[in-house]
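This report concerns only the one structure given below.
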Amino acid sequence: MSNFVRVMDRLSIAFAAVAAIMLALAALVITWSVIYRASGGSTYWEIEFSVYMMVASLFLASPYTLHTKGHVGVDLLTHLLPDRMARPMAIGIAVLGLIICVYLAVAGGVLTVESFLKDEHTESTWAPAKWPLFLAMPVGLGLTALQYVAELARMRGAERSRP
Amino acid sequence: MSEMQIGALILVVTLVVLFSGLPIAWGLTLVSVGFLLAFAGPASIVNVPLLMMDELSSFALLTIPLFVLLGSAIGVSAAGKDVYESLHRWLDRVPGGLVIANILACGVFSAICGSSPATAAAIGKAGVPEMIRRGVPPALATGSICAGGTLGILIPPSITMILYGLVTETSIGRLFLAGVIPGILMVVLFSLYAWAATLHSRRTIDASDIRHYTLREKMEGVGRVSPFLGIIFAIGYAMYGGLATPSEVAAISAVLALVLVMVIYRAWRIEQQWHIFRETVRESSMILMIIGAAAVFSYMMSLLYVTQTAAQWLVDLNLNIWVLLLAINLFLLVAGCFLPPVAIIVMVMPILTPVLEAADFDLIWFAVILTINMEVGLITPPVGLNLYVLKGVAPDVPLMTVLKGSFPFVLIMFGTIAMIALFPQIALWLPGRMMG
């Protein structure tokens, strides 16, 4: 297996671990804010912080989800087609997935850059910048696109090693 | 092209794309962007990433990954085995007790976990091999778990209900309460069937192997499981006492469950935590990605005026409410056989909600009807998630046997849908009573 595929697999797991930590942080911060509020304090950054964490977590976990076949699809047509069509179909689907992820990553990138240039902030007391929230989209889906390349390379590798 | 024609075209294209094996989230994005480009021009897709981000950056949505975390913390631990084992010890003298213990265990586990496949996996892992070893027919053994697992999305907390609440803007607390009595009703009906089916096949069950347990043995598992049941009461108290929002309740119960799993099942090693969290981020990423893509899909449908036209068309048909309900049920059943609940709710509910409102259907009551339909889809081919779970816990039992075993339970589910349609109070009494 090529180095690229190995590196991508590792990277996906590493980002899933980051995503896990972010989600855990969100859970802890919300729990803390409820306790803090119940004891008379007032909270202002907790809700937005946990939303930022969740959004980052969902995008950063996406390449790992793809790698472990967690992005649910319904492969009904593949079963209806003759067996020899299954491979070209699988490759076609992966290429299509790759294109969509590239599109979303680029579109998300544009959104992030625009938001950064306009110096957009949320309308709350805390008012954090919006671009870090948006940044999760190009990063996560860009990595998902790379993971698709790795999956395609894997399919090719499997074909070569066939007798 | 008229809106209806565009709508029909969208339906066909969406089905082809979704059935191609392309992940649902990408498929919905592809269809939406494609139709926007074709019918509304390039300017209409500028907002696609912002639509996704706006949909996803909501505090209410945090309920989903956090309840998934709660479920996977408990699912990965041995709590499922303990629930099953202790119920089994208590029911040792009841005919069919083994199967009934399974169904009850599924019911109890559903109350601490909001996912159907997770429930089937947690109870099935311990239950199916044990039942088959004791001579319960494999069809009954696997069918009962398959069906019992579906209770996960009916008995609160339920990921399906949360999603429905978010999409239709109905109270998640009310939805949760509405699932309680129908859930209990289904547990009772499932158990009655299991009892009758066991009487029927009594001879095959090895009676010499049935041992009786002392009270001490019976209490053993209860001690380990009861803290988790405590979480249920904490959830109920916080949510219905108005102390916290669903997202906050989800966060607190997820943290509590993680702590309990660490203390009671000693799952404090980094590999065990990684197991819990990787399952969580994987499932959350999948569900939330679909929700983000569905926001673009409904934007496209609404911009092209398809949602409004389709809803208006359904309203104008002026169907008798029973015919309408039957038609909707048939549609949900068929859709449920092919698509996971999350995809159906986010795609279909924006169209159905105005229709249901025009027909004076209660949206909370309808959530229960929809959920049971989705349950049927989870245990029928070609994409019954629970069937795959069963394949994992009982690899030796052929799929046909599992299907045969699930079939009577599917009939019971149909019966339950009919009862709830005829007597809406089964679903609505509890939320009305507790929340006014």
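Each chain gets a letter, A, B and so on, in the order its sequence line appears, and its residues count up from 1. All figures in this text were calculated on a predicted structure; none of them were measured in a lab.
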Exercise for review: Let me know if B/Thr280 has heavy atoms under 4.5 Å from chain A in its side chain, its backbone, both or neither.
Suggested key: side chain
Practice item. Go through the atoms of B/Leu256 and report whether side chain, backbone, both or neither lie under 4.5 Å from a heavy atom of chain A. Key: neither
Check your understanding: Looking at A/Val72, A/Val55, A/Ile99, which one has more heavy-atom pairs under 4.5 Å with chain B than the rest?
Key -> A/Val72
Point to revise | Reported OG1-to-CZ distance for the pair A/Thr68 and B/Arg282, which is rounded to 0.5 angstrom | key: 4.0 Å
Exercise for review: Rounded to the nearest 0.5 Å, what's the gap from CD1 on A/Ile100 to CG on B/Leu22? Could you check?
Suggested key: 4.5 Å
Exercise for review: Mind checking the CE-CG spacing from B/Met52 to A/Leu111? Nearest 0.5 Å is all I need.
Suggested key: 11.5 Å
Exercise for review: Could you tell me the separation between the NE2 atom of A/His71 and the CD1 atom of B/Ile290, rounded to the nearest 0.5 Å?
Suggested key: 9.0 Å
Exercise for review: Please look at A/Ser12 and chain B and tell me whether the side chain, the backbone, both or neither of the residue comes under 4.5 angstrom of a heavy atom of that chain.
Suggested key: neither
Review point. Side chain, backbone, both or neither: which part of A/Ala38 has a non-hydrogen atom closer than 4.5 Å to chain B?
Key: neither
Exercise for review: Check B/Ala251 against A/Ala27 and note the closest heavy-atom contact, atom names and distance.
Suggested key: CB-O, 3.8 Å
Revision key, fill the gap. Ranking A/Arg37, A/Met54, A/Lys69, A/Lys130 by heavy-atom pairs under 4.5 Å to chain B gives rank one to A/Met54
Point to revise | Among the listed options B/Pro65, B/Ser247, B/Ser284, B/Ala343, the residue most often paired with chain A at heavy-atom distances under 4.5 Å | key: B/Pro65
Point to revise | Region of B/Leu62 in contact with chain A, defined by heavy-atom distances below 4.5 Å | key: both
Practice item. Just give me the residue among A/Tyr148, A/Trp32, A/Tyr52 that pairs up with chain B most often, heavy atom to heavy atom, under 4.5 Å. Key: A/Tyr148
Exercise for review: Under 4.5 Å heavy-atom distance to chain A, tell me which part of B/Met289 shows up: side chain, backbone, both or neither.
Suggested key: both
**Study point:** Residues of residues 131-141 of chain A with any heavy atom under 4.5 Å of a heavy atom in chain B
**Key:** A/Leu133, A/Phe134, A/Met137, A/Leu141
**Study point:** Under 4.5 Å from a heavy atom of chain B, the part of A/Val34 involved
**Key:** side chain
Practice item. Name the region of B/Val255, side chain, backbone, both or neither, that has any atom closer than 4.5 Å to a heavy atom of chain A. Key: side chain
Point to revise | Atom group of A/Met89 that falls short of 4.5 Å from chain B, counting heavy atoms | key: side chain
Check your understanding: So which of A/Ser57, A/Ser62, A/Ala26, A/Ala90 has the biggest tally of heavy-atom pairs under 4.5 Å with chain B?
Key -> A/Ser62
Review point. Roughly how far, to the nearest 0.5 Å, is the CD1 atom of A/Ile35 from the CD1 atom of B/Ile252?
Key: 7.0 Å
Check your understanding: Pick from A/Ala94, A/Ser115, A/Ser33, A/Ser50: which one has the most heavy-atom pairs with chain B under 4.5 Å?
Key -> A/Ser50
Exercise for review: State, with a plain yes or no, whether a side-chain heavy atom of B/Val48 is found less than 4.5 Å away from one of A/Leu104.
Suggested key: yes
Review point. In Å and rounded to the nearest 0.5 Å, what is the CH2 to CG distance from B/Trp26 to A/Leu96?
Key: 12.0 Å
